[in-house]
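Below: the structure, in structure tokens.
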Amino acid sequence: MNNLLHIERDQELLQGFARNDDKSLETIYLENFPMIARMVLQNNGSEDDAKDVFQEAMIVLYEKVQEGDFVLSSRLKTFLYAVCRRLWLKKLQGSSLEGPIYEETEDTVSVEDTLEAHEEKDLQFRKMEASMGRIGEPCKTILEDYYIHRKSMQEIAERFGYTNAENAKNQKYKCLMRLKKLFFAQK
């Protein structure tokens, strides 16, 4: 679907949203909240912070569509991402940014680039999760213990019965190579 078709579809969603159509609201939420939640979580926020920011952005959006002359000049998700990012920056800074929140003072290209980079990172993350799900044991636990739970090679050696930390390190390396192969084999 090209950008123009996306914007047309987004405009229809906004018209439904302006009429308080539950289905439009649900679609906007389902298609956009996960992206906003990840952005907030990756920037020192919680799930509740993400819900608050998204709620505020939806109020801004609702006010704009109620004015009746709001024309979407970018994708809806780009608009929401820009508003949410601005709201979250404002919360982090604890001060008011100049000008109204909804004014698109940010360069749209920059927001779209940021959004694209965010979506790419998200895709890579999902590919890594899928690869970890297929790697099997003991590799999965070894890699999680080392990279997520920050266990030492000595602790891993003891847990898995390796004779020393060096042997555990060699196993971790083999597991990483296997993970890399699984990751890059995905389309």
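This structure is a prediction, so every number in the text was calculated from the model and none was measured.
The distance from the CD1 atom of Ile142 to the CD1 atom of Ile135 is 9.0 Å, given to the nearest 0.5 Å. Between the CG atom of Leu80 and the CE atom of Met39 there is a distance of 10.0 Å, given to the nearest 0.5 Å. To the nearest 0.5 Å, the span separating NZ on Lys23 from OG1 on Thr27 amounts to 5.0 Å.
With sequence neighbours excluded, the residues satisfying ring-ring contact (aromatic ring centres under 6.0 Å, His included) with Tyr29 are Phe33, Phe54. When the side-chain contact (heavy atoms from CB on, under 4.5 Å) test is applied to Ser24, the partners found at least two apart in sequence or on another chain are Leu13, Asp21. For Asn20, the side chain to side chain donor-acceptor pair (under 3.5 Å) criterion is met by Tyr62, not counting sequence neighbours.
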- Given Glu31 and Leu76, is the side-chain contact (heavy atoms from CB on, under 4.5 Å) satisfied, shown in steps? CA-CA 10 Å; Glu31 290 181 0; Leu76 177 58; over 6 Å; no
- Query: Can Phe79 and Asn32 be said to form a side-chain contact (heavy atoms from CB on, under 4.5 Å), step by step?
  - Reply: CA-CA 10 Å; Phe79 177 83; Asn32 296 283; over 6 Å; no
- Task: Applying side-chain contact (heavy atoms from CB on, under 4.5 Å), run through Leu25 and Met58 and close with a yes or a no.
- Result: CA-CA 9 Å; Leu25 177 61; Met58 292 299 284; 3.4 Å; yes
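Both Leu92 and Val40 are members of a single hydrophobic cluster when ILVMFWY side chains are connected at heavy-atom separations under 4.5 Å. Follow the hydrophobic side-chain contacts under 4.5 Å out from Met177 and you reach Ile156 in the same cluster. Cluster annotation: Met132 and Tyr147 are assigned to the same hydrophobic cluster (Ile/Leu/Val/Met/Phe/Trp/Tyr, side-chain heavy-atom contacts under 4.5 Å, transitive). Residues Leu182 and Phe184 share a hydrophobic cluster, clusters being chains of Ile/Leu/Val/Met/Phe/Trp/Tyr side chains in contact below 4.5 Å. In this structure, Tyr81 is a member of the same hydrophobic cluster as Leu30, with clusters built from ILVMFWY side-chain heavy atoms closer than 4.5 Å.
When each of Ile36, Val83, Asn43 is checked for a side-chain contact (heavy atoms from CB on, under 4.5 Å) with Trp88, only Asn43 meets the rule.
Residues Ala157 and Asn164 approach most closely at CB-O, 3.6 Å, considering heavy atoms. When all heavy atoms are compared, the tightest approach of Ala18 to Gln66 is O-NE2, 2.9 Å.
Applying the salt bridge (charged side-chain N to carboxylate O under 4.0 Å, His left out) test to pairs two or more places apart or on separate chains, none has a residue in residues 164-173. For the salt bridge (charged side-chain N to carboxylate O under 4.0 Å, His left out) condition, the pairs that include at least one residue of residues 150-161, sequence neighbours left out, are Asp145-Arg159. Identified under the salt bridge (charged side-chain N to carboxylate O under 4.0 Å, His left out) test for residues 46-59, with sequence neighbours left out: Glu56-Lys91.
A heavy-atom distance below 4.5 Å is found between the side chains of Pro138 and Tyr162.
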